[in-house]
Amino acid sequence: MKNLVVAGGTAGMGLGLARHYLREGAHVTVIGRDAEKGRRFLGEAGERGAFIQADLTVVAENKRVIEEVKARHASLDGLVNTAMRHFSRRVETVDGFEGTFSLYYVSRFVLAYGLTELLEKGTDPVIVNVGGVGVTKGRIPWDDLSLKQGYSGIKAVLQAGRATDLLGVAYAANHVGGRTRYLLHHPGFTDSGSDSLAQPVKTIVKVLARFFAQPVEKSIQPIIELMDTPGAGGLLAYDRRDPVDLSLSTLDPAARRLYELTEHVL
């Protein structure tokens, strides 16, 4: 029986994956901010579901989550990172990080390294980062990771997307010989909700999603297939079902530089 943790598992693709694996008989712990969504999840999940309420933009909260997961499980088979929120205005966390960077990169960084010990004891363990691997737009401003100059919501998302790609590269390089695979996955445009968006962007996204987005149930299928049969190699990257070239410039040795700039949070 699998043990899974889904960060961002109370809505969207995270909830879709949590529900799927509950139906398959797994124990699933979801992490989210919203207590009411957590209660609804527990109501449908039964005894094999668990909810940890946490603000994943805060490093200490991620570390608390790790300790709670360790208290519940002797091993893990999967860590799925889907938590994402749009910040229309720049927000700086208590740890000094820009909000998008903190949620999309720092949280995934802390959870991955903090739960590796449990994952290495699992069956075919895998870490999944749902994001935009294969997208080459955006860059990492090495002298301004918190985007204090020239902030925009789109710029923040693109930078954090490139950072989470490098997280996967560095993790695989740091765990040569380990059993845990790292999957970077681009699901394509998915109708996973727009609650975190401000107007008028929220309305625009809702209209576009109505006509062009995939439903969650369709978007999660390739992820399920890859989680269940992850294949060889420490680092895997897919755009839906298509492998992404690991020689892309966005999956380059700069990963080590980002790791060294942020390893103090571990």
Side-chain angles (χ1 to χ4, degrees), residues 5-9 11-18 31-32 56-57 62 78-87 97-113 115 126-140 145 147 153-172 180-194 196-197 205 209 213-214 216 218-227 230 233-246 248-252 254-255 258-259 262:
V5 171
V6 184
M13 293 182 65
L15 179 57
L17 288 163
I31 309 163
L56 294 177
T57 65
N62 285 274
L79 165 64
V80 183
N81 295 305
T82 65
M84 184 58 189
R85 189 160 83 247
H86 179 77
F87 296 87
F97 296 112
E98 182 273 320
T100 310
F101 184 81
S102 185
L103 185 58
Y104 204 0
Y105 169 77
V106 177
S107 171
R108 298 178 181 207
F109 180 55
V110 174
L111 291 176
Y113 283 87
L115 293 174
V126 61
I127 298 171
V128 181
N129 262 10
V130 175
V133 66
V135 175
T136 56
K137 292 182 179 179
R139 68 180 187 88
I140 297 177
L145 288 178
L147 298 180
I154 296 298
K155 182 178 179 181
V157 169
L158 290 173
Q159 178 204 223
R162 302 295 68 73
T164 201
D165 288 350
L166 295 183
L167 166 55
V169 175
Y171 184 92
T180 305
R181 297 172 178 87
Y182 206 107
L183 169 63
L184 300 168
H185 193 272
H186 184 353
F189 186 21
T190 300
D191 186 6
S192 56
S194 56
S196 69
L197 300 174
V205 170
Q214 302 179 103
V216 164
K218 182 176 181 179
S219 290
I220 64 175
Q221 286 306 311
I223 299 175
I224 292 166
E225 293 166 12
L226 290 162
M227 287 182 67
L235 177 65
L236 308 168
Y238 281 80
D239 182 341
R240 282 147 279 201
R241 289 184 173 87
D242 297 325
V244 172
D245 185 355
L246 296 182
L248 278 179
S249 60
T250 50
L251 300 171
D252 67 14
L258 184 60
Y259 172 84
T262 54

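Side chains included, hydrogens not; waters and symmetry mates left out as well; all remaining heavy atoms used. Quantities reported herein were computed from a predicted structural model and do not represent experimental measurements.
Atoms OH and CG, from Tyr104 and Leu167 in turn, are 11.0 Å apart once rounded to the nearest 0.5 Å. One finds the CG atom of Leu258 at 3.5 Å from the OH atom of Tyr105 (value rounded to the nearest 0.5 Å). The OG atom of Ser249 sits 9.0 Å away from the CZ atom of Arg162 when rounded to the nearest 0.5 Å. Distance check, rounded to the nearest 0.5 Å: CG of Leu103 to CZ of Arg85 gives 6.0 Å. The distance from the CG atom of Asp165 to the CG atom of Leu184 is 5.5 Å, given to the nearest 0.5 Å. The CD1 atom of Ile154 sits 6.0 Å away from atom NE2 of His86, with the distance rounded to the nearest 0.5 Å.
Arg108 has its side chain out of reach of Leu56: every pair of non-hydrogen atoms, C-beta onward, lies at least 4.5 Å apart. Counting only heavy atoms from C-beta outward, the side chains of Thr100 and Met84 approach each other to under 4.5 Å. You'll find the side chain of His186 stays beyond 4.5 Å of the side chain of Val244, heavy atoms only.
In this structure, the side chain to side chain contact (heavy atoms under 4.5 Å, CB included) partners of Val169, at least two apart in sequence or on a different chain, are Leu235, Leu251, Ala255. For Leu236, the side chain to side chain contact (heavy atoms under 4.5 Å, CB included) partners are Arg181, Leu183, Pro230, Tyr238, not counting sequence neighbours.
Here the closest non-hydrogen pair linking Val216 and Gly16 is CG1-CA, 4.1 Å. Across all non-hydrogen atoms, the minimal contact from Phe101 to Ala160 is CA-CB, 4.2 Å. Taking both residues in full, the closest heavy atoms of Pro187 and Arg240 are given as O-CG, 3.5 Å, listed atom of the first, atom of the second, then distance. When every heavy atom of Glu98 is checked against every heavy atom of Leu147, the shortest pair comes out as OE1-CD1, 4.4 Å. Pairing each heavy atom of Pro222 with each of His185, the nearest pair is CB-NE2, 3.8 Å. The minimum heavy-atom distance between Ala7 and Leu111, with the atom names listed, is CB-CD1, 4.1 Å.
For Phe109 and Tyr259, the ring centers are positioned less than 6.0 Å apart.
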Please report, to 0.1 Å, the donor-acceptor pairs under 3.5 Å made by any side chain of residues 127-134, with sequence neighbours excluded.
| residue | atom | partner | partner atom | Å |
| --- | --- | --- | --- | --- |
| Asn129 | OD1 | Asn81 | ND2 | 2.9 |
| Asn129 | OD1 | Tyr182 | OH | 3.4 |
| Asn129 | ND2 | Thr164 | OG1 | 2.7 |
| Asn129 | ND2 | Tyr182 | OH | 2.9 |

*Could you walk me through whether Asp252 and Leu166 pass the side chain to side chain contact (heavy atoms under 4.5 Å, CB included) check?*
CA-CA 7 Å; Asp252 67 14; Leu166 295 183; 3.8 Å; yes
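Counting non-hydrogen atoms of neighbouring residues, nucleotides and ligands closer than 6.0 angstrom, the NZ atom of Lys155 exceeds 12 such neighbours.
Listed for the Thr82 side chain is a donor-acceptor partner under 3.5 Å among the backbone atoms of Gly8.
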